[in-house]
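A note on names: the letters A, B, ... follow the listed sequences, proteins ahead of strands, and every chain is numbered from 1.
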There are 2 protein chains.
Amino acid sequence: MVTNKAIQEQRMKGYFIQATKDILKGEGLKGVSVRNVAQQAGYSYSTIYNYFKDVNDLVFVCISDFQQECASFVADQAQSSAPGIDRLKKLVVGYVNFFVEYPGLFELFYLAKVGDFGHKEATINVINSSLDAICEKEWNYCIARGMVKAADVERLKAQLRYMVIGLLLLYLNRRFPASYSEFMNQLTIQINAILGSETPSGQTVANTGQGGPLVQNSLISVNIK
Amino acid sequence: MVTNKAIQEQRMKGYFIQATKDILKGEGLKGVSVRNVAQQAGYSYSTIYNYFKDVNDLVFVCISDFQQECASFVADQAQSSAPGIDRLKKLVVGYVNFFVEYPGLFELFYLAKVGDFGHKEATINVINSSLDAICEKEWNYCIARGMVKAADVERLKAQLRYMVIGLLLLYLNRRFPASYSEFMNQLTIQINAILGSETPSGQTVANTGQGGPLVQNSLISVNIK
DNA sequence: TTAAAATATGAACAATGTTCATTATATTTG
DNA sequence: CAAATATAATGAACATTGTTCATATTTTAA
């Protein structure tokens, strides 16, 4: 049974959470202070501590909500493209666009310090699997249609995940590349390197043969038809 | 000409920088406070402001030194392996190992907030090209020996860069993967996906063919011989 | 030696997170 | 309904941050 107390407590939490979310989307983490949030919610700063262990806790519970928002944002951008690899690419681009639009949320998802990892395992998991969750349906579609081998999917997911996060980190936090257009260009190149490009020509990606005593030669060629 | 004043000023800066570096390698960024650094250097906290604009400035000038240290660390780990792709892989693994050993330095390189991007362009560049700088000689070796096509090198460098940073970010900041061994396993998989594995069998990485109206089919196959 | 310039210093301020005794409100009980 | 009790909201207070600035100290110049 849900007691009145529980309802009221959730409502109070909601006020603080909404205020925190608004600040995060606008100014980012640096704008979130316990006094700032409290004022926006219409309460005294110390009242927050009746509902959240500390300010870290408050900030962290926003993540699940934002993951939902991210999923909607991405679905909206990708719905028009054809199912399969094409839409998969659009989903990844959409995921990147979301964090470019809300850099504060990238900070929250990937850069923010987490106090106690153990107690926040569920939320951490939401973060770590956020891209996978957004792409899952499309991966299944691709597997079912034989567009990708099931054995490769986990590695490909991982490749996209690390690439996207690395690219976003450098761009949002280190201004590399310096311009948005070059950043998007890099993104396209990277996505095509992982999921395949539609260039109608075959080309060799890496071709390694060398003669160390114990090391076998290896030849890798990527053919795009 | 180098004035006495300049020498003395550099010496003073050096005291604060050394103290900051020691703290960064040990406790990480959270341990760096202006009072903490000053005490370790044997001066009053306000003296720092006679030599550095702010605490961000102080922290940032440590980066070039650490890049040197990183390069030595990596070279030491990779020197025994055969030149070419094999050593290239070892260099990347060494780069990762460096930041696993000193998580505070990963924080400094990639996570720390930068006040004024414009004035720190040189240092930012040291960061963004740190992996490339470490691998440059080996890339040239590979190109000269025809192990990789020159046209592909920039993309491969970028792939390694984003992958390494994404992987490190998730592992050091989000405990993903949860164990060190699984993390290293992921690293190996990713490196092999980019630079080629030595598995003596051909395998298909991604195989996409689908029938959107305007989208061409694409087939990518990676053959390792 | 004395005047002047340079440099080191801690007091002071604003902003931060957090705790806690007190006040105000809501609920229960007589 | 009134009083007693429980619950919740509050701001004072503390510790810690970065930063500024007037003052004290040291070094340099005359």
Side-chain angles (χ1 to χ4, degrees), chain A residues 1-20 23-24 26-62 104 107-108 111-116 119-120, chain B residues 1-20 23-24 26-62 104 107-108 111-116 119-120:
Chain A
M1 173 227 175
V2 182
T3 66
N4 284 350
K5 187 157 89 171
I7 291 174
Q8 291 161 13
E9 183 170 322
Q10 267 318 112
R11 196 141 42 200
M12 284 294 291
K13 280 194 170 189
Y15 299 148
F16 291 118
I17 291 171
Q18 188 56 50
T20 307
I23 295 170
L24 282 170
E27 313 166 56
L29 254 184
K30 69 183 180 308
V32 176
S33 78
V34 71
R35 285 167 174 83
N36 207 358
V37 169
Q39 180 183 346
Q40 188 129 336
Y43 287 92
S44 170
Y45 55 88
S46 54
T47 306
I48 286 175
Y49 291 91
N50 293 333
Y51 298 93
F52 300 92
K53 182 177 136 287
D54 54 33
V55 75
N56 240 311
D57 230 59
L58 170 58
V59 161
F60 237 63
V61 294
C62 300
E107 205 184 347
L108 173 63
L111 273 37
K113 297 294 156 202
V114 180
D116 175 22
H119 191 261
K120 291 173 181 152
Chain B
M1 173 229 174
V2 183
T3 65
N4 284 350
K5 187 156 91 169
I7 291 174
Q8 290 162 13
E9 183 170 322
Q10 268 317 112
R11 195 138 48 198
M12 284 295 290
K13 280 194 171 188
Y15 297 149
F16 291 118
I17 291 170
Q18 189 54 51
T20 307
I23 296 170
L24 281 170
E27 312 165 56
L29 253 184
K30 69 182 180 308
V32 176
S33 78
V34 71
R35 285 167 173 82
N36 208 357
V37 169
Q39 181 183 348
Q40 188 129 336
Y43 286 92
S44 171
Y45 54 88
S46 54
T47 305
I48 286 176
Y49 291 91
N50 293 333
Y51 297 93
F52 300 91
K53 182 178 135 285
D54 54 33
V55 74
N56 240 312
D57 231 59
L58 170 60
V59 161
F60 237 63
V61 294
C62 300
E107 204 184 348
L108 173 63
L111 273 38
K113 296 296 156 203
V114 180
D116 175 21
H119 192 259
K120 291 172 179 151

>> How many whole angstroms separate atom CD of E9(B) from atom C1' of dT28(D)?
In response: 17 Å
> Taking CG from D54(A) and P from dA15(D), how many angstroms apart are they, rounded to a whole number?
Replying inline: 20 Å
> Would the number of heavy atoms belonging to other residues, nucleotides or ligands and lying under 6.0 Å from CD of E27(B) be above 12?
Replying inline: yes
> When the distance from CG of N36(A) to C1' of dA14(C) is rounded to whole Å, what number comes out?
Replying inline: 15 Å
> Is S44(B) near enough to dG10(C) that one of its side-chain N or O atoms lies under 4.0 angstrom from OP1 or OP2?
Replying inline: yes
> Taking CG from L58(A) and P from dT18(C), how many angstroms apart are they, rounded to a whole number?
Replying inline: 10 Å
> In Å, rounded to the nearest 0.5 Å, how long is the span from CZ of R35(A) to CD1 of I48(A)?
Replying inline: 10.0 Å
> Reckon V55(B) touches a base, only the sugar-phosphate, or nothing at all at heavy-atom distances under 4.0 Å?
Replying inline: sugar-phosphate
> Within the structure shown, what part of the strands sits under 4.0 Å from Y51(A) by heavy-atom distance: base, sugar-phosphate, or nothing?
Replying inline: sugar-phosphate
> Taking side chain as C-beta onward, heavy atoms only, is Q8(A) less than 4.5 Å from K13(A)?
Replying inline: no
>> Counting only side-chain nitrogens and oxygens, does Y43(B) get under 4.0 Å of the OP1 or OP2 atom of dA8(C)?
In response: no
> Would you say the side chain of Y15(A) and the base of dA9(D) hold a donor-acceptor pair, judged only by whether the two atoms sit under 3.5 Å apart?
Replying inline: no
> How many Å lie between NZ on K30(B) and C1' on dT16(C), as a whole number?
Replying inline: 18 Å
>> Between T47(B) and dT9(C), is there a contact of a side-chain N or O with OP1 or OP2 at under 4.0 Å?
In response: yes
> Rounded to whole angstrom units, what separation is found between the CD1 atom of I48(A) and the C1' atom of dT16(C)?
Replying inline: 13 Å
> Reckon S33(A) touches a base, only the sugar-phosphate, or nothing at all at heavy-atom distances under 4.0 Å?
Replying inline: sugar-phosphate
> To the nearest 0.5 Å, what is the distance between OH (Y51(B)) and CD1 (I17(B))?
Replying inline: 12.0 Å
> Atom CG of D57(B) and atom CZ of F52(B): how far apart are they, to the nearest 0.5 Å?
Replying inline: 7.5 Å
>> Using a heavy-atom cut-off of 4.0 Å across all strands, would you classify V37(B) as base, sugar-phosphate, or nothing?
In response: nothing
> Between dA12(C), dT20(D), dT10(D), which nucleotide has the shortest distance from any of its atoms to the side chain of Y49(B)?
Replying inline: dT20(D)
>> What is the separation between atom OH on Y45(A) and atom C1' on dA9(D), rounded to the nearest whole Å?
In response: 12 Å
> Separation of F52(A) atom CZ from dG17(C) atom P, in whole Å?
Replying inline: 15 Å
> Where each residue is assigned the nucleotide of DNA chain D containing its nearest heavy atom, which of K53(B) and M12(A) is assigned the position nearer the 5′ end?
Replying inline: M12(A)
>> Here's a test of your reading of the structure: between S46(B) and Q8(B), which maps to the more 5' nucleotide of DNA chain C?
In response: Q8(B)
